[in-house]
Every structure is written in C-alpha cells, then in structure tokens.
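The structure appears below as structure tokens.
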Amino acid sequence: MYMYGKQKKGYSSTFWMLLAIAALCGLVLYIHHIDSEIAFYENVKTHTEAEEWPAQKPFVNTAANTAPYVSQTSLDAALSHYIAPEGFTIYSHSEHWDNEKLILLYEELKQNIHGKEIEKLCEIIIYPQESEELNALATYTTAAAAASFYVKFPAFPKDFSVELPVYTGRINIYGGDTRNTIESIAGSLSHEYGHHYTFYYMFDRDARVNHLLGEGEYARLRNAGQHGLLTALEFDQNYSSLRHKYIAEIAAEDYVQLMGSPTTRQVADYYDVKQLVENPELTNPHFIERNAFPQENMMIPLASEVPGLREYFYSFIDTPVRAPSEHRQDITLQITAQPVVRDLTTGVHTYLHYSISWNTPYENAVYTVACFDPYDYTGWGVPIKTVRPGDSASAVIGDYSAVRNRMVYSMDDGLAHGVKVFYVAARLPDGTYYMSEPLEFNFG
C-alpha cells in the first residue's frame, strides 16, 4: 500500500496497466465519442447472417430467398463502381449502369429519409440479369465485418487498435440490363433500404436471432396478432405465397410509404375493359405501381392509416416527421350491374358488365380502383383503372361491348366472377396514400 506523501517518483507498472484497462473500458463504453478511424475488412465479411442460423431454418428476407454472398473476386470484376461519401460502394455488373448513373443511383438513395444507419450500409450491387432462381427484383442481406478502432494514448503501443464486430447490409438489384433507369428501380431500392432501416432500429440482431419480432412496438402498432402476421424469420417453400404476411416485409413496405423517395410515388395509367374496347390502341402496363397497390398486403390498413406508426418510424432519427397534407376521409364504392342485349347474326346475346363508382374527397388526387380474391390472395391483386383529376370517378368490369361501324366488339376481363374485394387507392399530390373501405362483392 502506497501512502500519499511517501510515494516514489514515477508510477509503477501496475498503475499503468490499470490505467490502460480503464482507458480500454472507456473506449468500448464511449466509442462514439472518440475520434477514431474505422476500417472495414472485406476478407472478414465472408458470411451472411443466414449462415449463422440453423441449417434447416435459414434466415431469409425481402422479396425472395437471400442471395448467396458475393465474393470479393466478383466485386473486383464489376464494370463500374462508385464509392459514396458515407463509405459504402455501389457496384455495377451491367453495362447499362456506368459511373455516371451510379452517382444518380446514390442521389436517389439519399432521397429516402435516413439517419446514421446509412453508414452501416456496406454495398449495393447491380446485376445484369433477372434472378430466375430467387424470383426477385432485389434482395437485402446482412453481413458481418470487423471494425478496427485506432487509439492514440501514451500507454498504448503505436498503431494500437481494437477490433469489434460490425453488422452491415448489402442490397442486390437484379435485371439491370432491362431496368436501366432510376425510375425503374426506385421502388426496389427503397424497399430494400427499408429492410436496412428497420433491421437497424426495430428488428436488431438479437430480436431476429431469438424470434422476438412479434413482441416489439412495431408489432403492437401493426396489430400483428389481429391480422395474422408472421413474426418469425423461418422462411420455407411457401414463402412466395405468404410473403405479404411476414412482418419484416410489411415493415419494409411501410418504410417506402412513410419515408420513401418521391420517385417511388410514380403513377401508372391502368385502363378498364370499357376503355380497351373503345380505344384499341390503349394497352395496360405490365408492371405494378403504387398508385394501385401502395403496399403488397392490401388486406391490412395502409401505413398512413395506422395511428402512431408514422411517428414511430421517425422516432429513431432527427428528421422532422413528414406529415400528410390532408387527413383521411371516407371513400365509398357502389357497384351496379349493366346488362346490354345485342342482336347478333348468331342470335341474341347479353353482355353483362358492372359499373363501379366512388366519391372523390381529395382534391387533385389520383384515384385507382383495384380488386383481389380474398380466398386466394398471394399479394398485390388486379389493377382496374386509374382516374386522374378531372376524370369521371367510375370504372367498368366484366363483359363489355361496343358498336363500331355496325360491328360489335367485346371483351371480358374475367373479374366479374366469384367473390372479389374492391377498393380505391387515393394518391395525394404530396405522395400520401389513403384507401377506401374495402367492398366485398359476390358475383355468384
């Protein structure tokens, strides 16, 4: 025991050792306060989080099975790449995505509302072909890396560093040769970044590993039990048909609605059977936009209609809440049968179509009517018609006929059969989505 006043000059080796240990503990506890340099070692990121799960229950997320980790050799073979100021790299294996377009892709990513979690994104990879094996437009994968913290302290050796595990994220985008514009991949990019955001703040690694996604605040707000949502991450061969029920997928969709970039709010014009018969030059787009389906699971409320959900998403970052310009109002639908009798050369024939109409409480909104089969719902549905401001709020389904040059032309869209659920999605000018009360109709 050394008494104050009888202390020898200098300090013992034990003192320096204790001081070093205390400093190291302080480093771990307050690492965000230290001016440290972080280096990510690619050779450490040799596994995805999927491989840490039991082999019979692999961890998979996003719109299909998680892609295998891409080796560094493949990344070196990329045709173009761009290193973002935040530290992650965007790689392109498609000749349609050069450095200039990768910069535009980075700028598009930044249009999605984000916080410090963007610094934990490791890479974005664009592949030229579609992923037939995964049946996915894009995927998100978590991976492990090592972060080396270099510390300058008198008691430590020169270049002393401490390595700590860091969990990063990777976004894979497929079909770059055909989806070669920012607009064509903006939705996929936002959805996958939604996984990155929600995994970082809402579903951390412990919650995922221990299957606790159903016990958090998000599951409570989304009424996971009431809606029969799947809160585990145990994906199997039925994933494609049940994807719309997985809470991790719903959270990513909510992110797009509440925090996604303006580019994700594109509008596609869908034409009903009446328009197609009377205007043969019209064709429906083969893709699905969010004006018809703001989210994949249209059997649950939209994100903007869930009390407290918007505030919860924004609670993790310093960005002000992006509030809607208008409150939700009621939209009601009516469906009426419209039989039309035609006297053809082959005899009398009745063409039975149905008229759908609704009120328009939102000024300058785009309304899109769509439907789905409640007994065979696997996500999305069938878009029927887009109505822009100033157009009549009505649509036609069923077997429609029209006379041109004394000839009868007809088309049956096949929707007026069995039981269907109809709804109207309203896209406000600020990008907010609201939905009417669903209307179930039995055509017999």
Closest non-hydrogen atom pair between [X] and [Y], with its separation:
X    : Y    : value
G398 : D413 : N-OD1, 3.0 Å
P389 : V366 : CD-CG2, 4.2 Å
G260 : R322 : O-NH2, 3.1 Å
D269 : P285 : O-CD, 3.3 Å
A426 : Y362 : CB-CD1, 3.8 Å
S410 : V277 : C-CG2, 4.2 Å

Can a donor-acceptor pair be found, under 3.5 Å and without considering hydrogens, that links the side chain of [X] to the backbone of [Y]?
X    : Y    : answer
D399 : H353 : no
D204 : F199 : no
Q257 : A303 : yes
N405 : M407 : no
S357 : A393 : no
Y197 : M202 : no
S304 : Y433 : yes
Y351 : Q338 : no
D376 : D373 : no
N180 : D177 : yes

Would [X] and [Y] count as having a side-chain donor-acceptor pair, cut-off 3.5 Å?
X    : Y    : answer
T142 : R170 : no
S401 : R342 : yes
H196 : E117 : no
S92  : S94  : no
Q275 : Y400 : no

Side-chain contact, heavy-atom cut-off 4.5 Å: [X] with [Y]?
X    : Y    : value
L428 : Y434 : yes
L415 : V382 : yes
I90  : L105 : yes
F441 : Y354 : yes
W380 : H244 : no
M259 : Y193 : no
T368 : Y423 : no
I397 : F422 : yes

cation_pi(R404, Y409) dist<6.0 Å, angle<=45 = yes
Any chance you could measure [X], atom [atom1], to [Y], atom [atom2], to the nearest 0.5 Å?
X    : Y    : atom1 : atom2 : answer
F88  : Y82  : CZ    : OH    : 8.0 Å
H81  : N99  : NE2   : CG    : 7.0 Å
T198 : Y140 : OG1   : OH    : 8.0 Å
E123 : I83  : CD    : CD1   : 12.0 Å
H349 : L344 : NE2   : CG    : 7.0 Å
E192 : L121 : CD    : CG    : 11.5 Å

For I125, which of I171, N172, I173 qualifies under side-chain contact (heavy atoms from CB on, under 4.5 Å)?
-> N172
Only one of I335, T332, V369 forms a side-chain contact (heavy atoms from CB on, under 4.5 Å) with W358, so which one is it?
->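 By the side-chain contact (heavy atoms from CB on, under 4.5 Å) criterion, W358 pairs with just one of I335, T332, V369: V369.
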Are the ring centres of H93 and Y127 closer than 6.0 Å?
-> yes
Test L109 against L189 for side-chain contact (heavy atoms from CB on, under 4.5 Å), laying out the working first.
-> CA-CA 7 Å; L109 177 68; L189 179 66; 4.1 Å; yes
Would you indicate whether D318, at its atom CG, is surrounded by more than 12 heavy atoms from other residues, nucleotides or ligands within a distance under 6.0 Å?
->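 No - once you tally the heavy atoms of other residues, nucleotides and ligands closer than 6.0 Å, there are 12 at most.
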I would like to know whether R243 and T378 meet side-chain hydrogen bond (donor to acceptor under 3.5 Å, both in side chains); could you show each step before the answer?
-> CA-CA 8 Å; R243 182 181 59 237; T378 57; over 6 Å; no
Would you mind listing every ring pair (Phe, Tyr, Trp, His ring centres under 6.0 Å) that reaches into residues 259-289, with sequence neighbours excluded?
-> none
Answer yes when [X] and [Y] have at least one side-chain N-carboxylate O distance shorter than 4.0 Å, and no when they do not.
X    : Y    : answer
K101 : E107 : no
E437 : R328 : yes
R222 : D254 : yes
E440 : K420 : no
R310 : E305 : no

Sequence neighbours excluded, which residues qualify as salt bridge (Lys or Arg N to Asp or Glu O under 4.0 Å) partners of D343?
-> none
Relative to each other, are the rings of Y218 and F203 parallel, tilted or perpendicular (30° and 60° limits)?
-> perpendicular
Give the ring-plane orientation class for H191 versus H195, where under 30° counts as parallel, over 60° as perpendicular and anything between as tilted.
->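 Geometry flag for H195 against H191: perpendicular rings.
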Which is it for V424 and L333 under the side-chain contact (heavy atoms from CB on, under 4.5 Å) test, yes or no, and what are the steps along the way?
-> CA-CA 8 Å; V424 169; L333 288 78; 3.9 Å; yes
Run the salt bridge (charged side-chain N to carboxylate O under 4.0 Å, His left out) check on R290 and E253 step by step: do they pass?
-> CA-CA 11 Å; R290 291 183 179 273; E253 288 286 280; 2.9 Å; yes
List the steps, then state whether side-chain contact (heavy atoms from CB on, under 4.5 Å) holds for Y367 with K385.
-> CA-CA 8 Å; Y367 296 88; K385 183 181 178 181; over 6 Å; no
Step by step, would you call V267 with R427 a side-chain contact (heavy atoms from CB on, under 4.5 Å)?
-> CA-CA 9 Å; V267 172; R427 179 198 177 277; 3.5 Å; yes
Go through the steps for E108 and S261 under the test side-chain hydrogen bond (donor to acceptor under 3.5 Å, both in side chains), then give the verdict.
-> CA-CA 7 Å; E108 167 60 24; S261 80; 2.4 Å; yes
